[in-house]
Structures are given as structure tokens and as C-alpha cells.
J.: 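Input: one structure, supplied below.
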Amino acid sequence: MVIYLRLKLNRRAVTGMQAIAILVIIVIAAIAGYIAYQHFMPKGPEIKNPNVIIYARPGEPLSFDPAYETWYGAREIIQNVYETLVFYDGAHPDKYVPWLAESWSVSEDGLTWVFKIRQGVKFHNGEILTPEDVEYSLERAIVQDRAGARIYLITYPLTGVPTVRAINFSDVEQVRELGKTIDDAIESNSTHVILHLKFPYPPLLAALCQSWFSIMNKKWCIEKGDWPGFVKEGPNAYTEWPNWNDPSREDLPHRFEMCGTGPFMLESYETGVQVVLKRFDDYWREPAKIERVIIRYVQEWSTRKLMLQTGDADMILVPTAHYKELEGLEGVTYYELQTPLIWYIHFNFNVSADSPFIGSGKLDGNGIPPDFFSNPDVRKAFAYALNYDNIINEIFLGLGSRPSNHFNLIGLPYYWEDAPKYEYDPEKAKYYFKKAYDGELWEKGFKLTLYYVAGWPEIQMVFSEIKKDIEALNPKFHIELREVELAASVQYFQANQWVIEMDGRKPDMADPHNHAFMFYHSQGVWPLYQHYANPEVDRLVDEGVRQMDPEERAAIYKELCQIVFEDCPSIVLVQVIERWYQRTWVQGNPYYNPMFVGPFFYGLEKSG
């Protein structure tokens, strides 16, 4: 409703009092119009739980130990409760700002880093942060060094070994020497922490802002029964620390407890149901705008979707395959971000001979030999056979691009746009299939089986595309697809019975070394699984991480791109553009940095 007021006045007849009266009438009319507008205009949906953010996702955390956990669902909790020495500068994945360290400096030779620790920062138990807490936290992470965790990101430059288990724990002198090395590498005084590196390590800041290197309260940890620190004197000096190495989750002394310096503190955890985080009012910046965060563990997609629709959840985790279902949903919006998340496949160069997925185990048309993918022509044939546009457009809904390999990623340092990569080319695929095994493979054909776990639609659909593309080349090529349970999948993988494996992940830090080592160095996780090794690749990976000059580093990674293209031990299918869905009443972007593993709740609020 709109109210109009029209006055026809003789200007000469209007006295001062009349003018005031007219002005009052106009003001009253305007107020009445506004009230009527507010009354008759349709209102937006009522904001549910206005001081609480409710986030629904699948899975459940297995512990809250920052040095231990690699699963994103645990790390997203950790990054809101604990903090690190440095943090990302806004949306930049490769720029860093002071956090618990208020400043830092590095020596000209790159071997000594000095961090000035911020004063007056409180832990959630009321203790004040000290440099001793920082030294303890970093040393504790290196000592714990869970198998499969990412502590090697600082263990290697600080000690010269990628894992403390590189030594023989039964050799007391080796144990004593490495313990003393760790202690000497990380020092603290009343105001600073000093790190002494074995070699220059350009990605140190990129590593230190990761959740594994969160700063914990030493007093709290020890009270809970955690590692008490190094024994530095007496007959047992530096010999007892291996007792705290690689513990099981069940043995973690504060498995489901937390004490950080972050904007939220752990209020409660109901196993498999929900985590409740409470605002920390003594936070060193300023308190968060919302009072609580509730993370609910909802396994069924349909239930999560309904929660978002009804406003019972403010944000949910959405698999790519379900993005279209949320299009046009009233009261729902999303942020879109190019992230370094990649999906890829790996070839097993030497499958176990007892694998049920290689048929006869021979090149006779009824199977493949165990070393089938050790043949570079076979790998190249597969690489040229895949229709990458179909994979990106149909499976990942067009939300992604194709980088050349695992470490040359869009948006991260040292990205080389013109790096060589395999494109869909059926004729080249036929050429390499005919070249492999001197033509015998093309004449006889082959059979192999790819297995996938139910609940992972991306993997099932990619394997279906592989089957279609390969079988289209030769009627004698046969690929069977088989659905298996998760437990069986783990068993097959551990027994080295897998043929082609598909997975997806983000780098652990915004630096090419992380994935260059993990996916191509002979001591990396995947080359060990694949039985792939190239000494020249190892040399370049080792050289690249120690090179402080950016131009020389770039040249090294370009050369590495060329070699891994020729070797083709694996194929990157897509680098994903992710979407983060939430209600429109949530103000702020919880996923503003592409390196985040989950929502960062600080700064969010709810309003209509």
C-alpha cells in the first residue's frame, strides 16, 4: 500500500505555523506508509536458531588430536578450535599472515627461522600462550608421527629424515641422537621460537599453517597423560620418546577433548551424532558473532537436503553429483570456488599374482599379466583413450578443468599452463595399444576388472567411462566393473590386488613439493603402492624443495612435468570447482580460501 499526499497551496497564504503543520502531516503520512508497507509486504522465512550455525555432513570424527587426524571432517573441527603460527592471507592460498606468531624472520641461507610469539593469547583453559607451548606442540607432532599423517612436512627439513621411524628404535644410540636432533632443531626463549633447518625449505610457512601443526597447551596435554617432553639428563636422556610414537587412536590421551586458542571451544561431542562448539569470549582477536556451532553427522543425502530446505540446517556438505537437485531452491545460495581438489587414477605396475581382478594372469585374451601396467605403451594407450570432456561435463557437471599432473595445479604456485598433458585421441590410443607387446596385445585382447565401493558415484561413473572408451577401441578388450564393500576394498588394496585405483584429494599445503613427492618420488605414498620409481624424478623432487630461488624452482618443476608426462604413472582427470551450499540468512563465506578442508565459522552471522 502506498499513500500519496497532494496539497494545493497558495504560497503567499502559508504562514510559519501552517508550514510546520504541513510538515508534520507529511512526516505522519510517511510513517503510516512505511508501517503499511511493512504490514502488507510478504515476509521472508523466519530465521531458525538465530545464534547458532547448524552444519550437516556425513561421516564422524575418530579423534580431535590435531597432529593425528588427516580426515577433512576432523580437521574442519580442529581448524576452528586450534590455531597455528601463521595463517592464510584471506583468499590467497600461497600468502600468509601472522597468527599466533606476530612476526617472523629468516636467515639469508634459509636455515634459521625466528618466530616472535604473540603475547596475551589465552587457551580455552585460561592458560596464557608461551613460546614453550609452541616448542612442545611442534616436537610432540614429530615424536607422535602417526603412520599416514602429514608430519613429514616439517620432520624432513628439521631432522633430515622424512619420518622418525627411519631409524631403528631398538638401537639406543640412534634413538638418543635423533631425540637430541629434534630438541636442538626447535628452541624457545621467553619471547621467540627458533627453528633450525637441515636444508633450505621454501614451503615452511605453507606447512606451518596446516592443522597438524596446531599449537597446544603443554600443561593441559601433560595433565591428560600426553608426552611429557624430552628427558634431557641422566641415563635415559632422549631415549624414552619412541614410546609415544605412532599410537593407536584408542590410546590417545585426550582423544575427544580439545584445548586450543581458537574462536570456538569444544562444548560436547555425542559419538556419531553431533559436535557442539561454543564461542570463546576471551578470544585474542574479538569474539565470534555466533554463540554456537553444531555439526550434525547425517549420512543420508536425502535427509541432509531436507534439513537445508526446511532451515533445520544452515549449511550442508553436498557431493558434486547432487548439485543439480539444489538449483532454484528458495532460501538457499552457494559459493563457487576453484580449489586444488583433484580426482585421479593410478596404475599398479606389479599386481599380486593372486589378484582376482587380472583374470588368467596372462596375455592370452582372458586376463592381463601382473606387470601389465609396467609397460609405458599400455599406460599411454589408456591415457589417450579417455574422453576427459565427458568425465568433466557429465560426471563433474562441467565444474572443473584438467591440470597436467598432481603437482602442477591451477591457482597454486609454479603453475605451468602449457605443461604437456594427455588429451582424448582414440587414434593415438590405438597406436600405443598396437605398439605394446609388439602387437600381441592388440591381436589377443585382454580382460581386467575394476572394483568400486558403493556410495562413491564419481568413481563408479568414471570407471564406466573407462570401460566404454577402452572397449570401443577393440572388440577384444573387456573391462568388468564390480561393486564391493568398503572392508573388501581395503583388503584388496592392502593385498596389492588392485589394478587401477581412483581417488580424490587436496594438497596438504599450497606448494608443488607436496604432491610431487607424494605421487612421483619413489619414497612417496603412491609410488610405493604402484611400484613406480624413476631416479631422475627423485633427484628433481629433492632438488626442487631445497631451491630458494623462485625462477630456478620453476625451471625444475617444468622439467619434472615433462618427465612425468612421458612416464605416465597416473592420470589426473579433473581439478574441481567446488560449491558450498548454505541458507541465504547466513552472512559470510565460510569457505573463502581454496585450501580450507571445511567451513571456517569465525565471522559468520545470521540475519534476514
Side-chain angles (χ1 to χ4, degrees), residues 147-148 162 344-386 405-406 422 429 432-442 444-453 459 462-463 466-467 470 477-482 484 488-503 505 515-541 560 563-573:
Y344 46 85
I345 60 173
H346 290 290
F347 303 117
N348 191 342
F349 286 35
N350 190 16
V351 183
S352 177
D354 63 356
S355 171
F357 306 113
I358 60 174
S360 65
K362 300 176 183 178
L363 192 64
D364 57 3
N366 293 310
I368 58 171
D371 62 352
F372 185 63
F373 283 109
S374 67
N375 188 312
D377 293 322
V378 172
R379 301 195 300 272
K380 290 179 180 180
F382 268 76
Y384 280 119
L386 301 188
N405 55 56
H406 297 73
Y422 291 92
Y432 282 106
F433 270 128
K434 291 176 181 178
K435 184 182 176 186
Y437 293 96
D438 296 323
E440 188 178 1
L441 173 60
W442 186 260
K444 293 183 176 179
F446 68 85
K447 290 182 180 179
L448 62 83
T449 300
L450 304 180
Y451 64 83
Y452 60 90
V453 176
I459 297 178
V462 166
F463 281 179
I466 293 174
K467 172 183 171 66
I470 296 296
F477 293 171
H478 301 285
I479 296 179
E480 177 188 341
L481 304 183
R482 186 180 305 174
V484 301
S489 173
V490 173
Q491 180 180 349
Y492 294 140
F493 188 82
Q494 292 176 341
N496 191 41
Q497 294 177 325
W498 62 280
V499 178
I500 294 177
E501 185 77 7
M502 179 176 167
D503 199 5
R505 78 182 308 273
H515 274 188
F517 184 88
M518 176 176 285
F519 290 104
Y520 298 104
H521 193 285
S522 62
Q523 296 305 303
V525 173
W526 273 104
L528 289 172
Y529 287 140
Q530 294 175 261
H531 314 284
Y532 163 71
N534 183 328
E536 183 62 10
V537 169
D538 288 1
R539 183 188 69 80
L540 288 171
V541 172
L560 196 56
I563 296 175
V564 300
F565 171 76
E566 288 298 325
D567 281 2
C568 192
S570 52
I571 305 171
V572 176
L573 304 171

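The figures here come from the full heavy-atom set of this structure, side chains too, leaving out hydrogens, waters and symmetry mates. The shown structure was predicted, so the numbers you read here are calculated from the model rather than taken from an experiment.
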J.: Please round to the nearest 0.5 Å and tell me the distance separating atom CZ of Phe372 and atom CG of Leu441.
T.: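 One finds 5.0 Å between CZ of Phe372 and CG of Leu441.
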
J.: Does any part of the side chain of Gln497, heavy atoms only, come nearer than 4.5 Å to the side chain of Pro356, both counted from C-beta?
T.: yes

J.: Distance from Lys435 atom NZ to Trp442 atom CH2, nearest 0.5 Å?
T.: 15.5 Å

J.: Could you tell me if Tyr532 and Asp567 have a donor-acceptor pair between their side chains, going purely by distance under 3.5 Å?
T.: yes

J.: First locate atom CD1 of Ile459, then atom CG of Leu481, and finally report the distance between them rounded to the nearest 0.5 Å.
T.: 12.5 Å

J.: Please round to the nearest 0.5 Å and tell me the distance separating atom CD of Glu501 and atom OG of Ser489.
T.: 6.0 Å

J.: Looking at every heavy atom in both Ile358 and Pro370, which two are closest together, and how far apart are they?
T.: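 Here Ile358 and Pro370 meet closest at CD1-CG, 4.1 Å.
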
J.: Tell me whether the rings of Phe357 and Tyr492 are parallel (<30°), tilted (30 to 60°) or perpendicular (>60°).
T.: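 Rings of Phe357 and Tyr492: perpendicular, as their planes differ by over 60°.
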
J.: Any non-hydrogen side-chain atom of Tyr422 less than 4.5 Å from a side-chain atom of Leu386?
T.: no

J.: Check whether Asn496 reaches the backbone of Asn350 with its side chain - one donor and one acceptor, N or O, closer than 3.5 Å.
T.: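 Checked: pair present.
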
J.: Could you grab the distance from atom CG of Leu540 to atom CD1 of Ile563, nearest 0.5 Å is fine?
T.: 5.0 Å

J.: What pairs of donor and acceptor atoms, side-chain ones from residues 445-452 against any protein atom, are under 3.5 angstrom apart with sequence neighbours left out?
T.:
none

J.: Looking at side-chain heavy atoms only, is the closest gap between Tyr520 and Ser570 below 4.5 Å?
T.: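 With C-beta onward as the side chain, the pair touches.
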
J.: Determine the minimum heavy-atom distance between Ala429 and Ala381, stating which atoms define it.
T.: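 Residues Ala429 and Ala381, closest heavy atoms: CB-O, 3.4 Å.
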
J.: Rounded to the nearest 0.5 Å, how far apart are CG of Leu528 and CE of Met518?
T.: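 It is 11.0 Å, given to the nearest 0.5 Å.
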
J.: Counting only heavy atoms from other residues, nucleotides and ligands, does the tally under 6.0 Å from CD of Gln491 exceed 12?
T.: no

J.: ring-ring contact (aromatic ring centres under 6.0 Å, His included) with Phe382: which of Phe477, Phe373, Tyr432?
T.: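 The option that passes is Phe373.
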
J.: Over 60° means perpendicular and under 30° means parallel, so classify the ring planes of His406 and Phe519, tilted if in between.
T.: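 Phe519 vs His406 ring planes: parallel.
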
J.: Give me the atom names and distance for the closest heavy-atom approach of Ala383 to Ile571.
T.: CA-CD1, 3.5 Å

J.: Do His531 and Asn348 come close enough that some side-chain heavy atom pair is under 4.5 Å?
T.: yes

J.: Minimum heavy-atom separation for Ala488 to Val484, with atom names?
T.: CB-CB, 4.3 Å

J.: Between Trp526 and Phe349, is the ring-ring contact (aromatic ring centres under 6.0 Å, His included) condition met? List the steps.
T.: CA-CA 11 Å; Trp526 273 104; Phe349 286 35; over 10 Å; no

J.: Is it true that a side-chain atom of Gln530 and a backbone atom of Pro569 form a donor plus acceptor pair closer than 3.5 Å?
T.: yes

J.: Which atoms form the tightest heavy-atom contact between Val572 and Asn405, and what is the distance?
T.: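 Closest pair (atom of Val572, atom of Asn405, distance): CG2-C, 3.4 Å.
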
J.: Taking only residues at least two apart or on different chains, which pairs with a member in residues 371-385 satisfy side chain to side chain donor-acceptor pair (under 3.5 Å)?
T.: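 Every pair satisfying side chain to side chain donor-acceptor pair (under 3.5 Å) with a residue in residues 371-385: Lys380-Glu566.
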
J.: Does atom OH of Tyr437 have more than 12 heavy-atom neighbours from other groups under 6.0 Å away?
T.: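 Correct, the count exceeds 12.
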
J.: Heavy atoms, side chains only, cut-off 4.5 Å: are Ile368 and Val351 in contact?
T.: no

J.: Would you confirm whether Asn366, through its side chain, and Ser360, through its main-chain N or O, come within 3.5 Å as a donor-acceptor pair?
T.: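 No: the side chain of Asn366 does not pair with the backbone of Ser360.
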
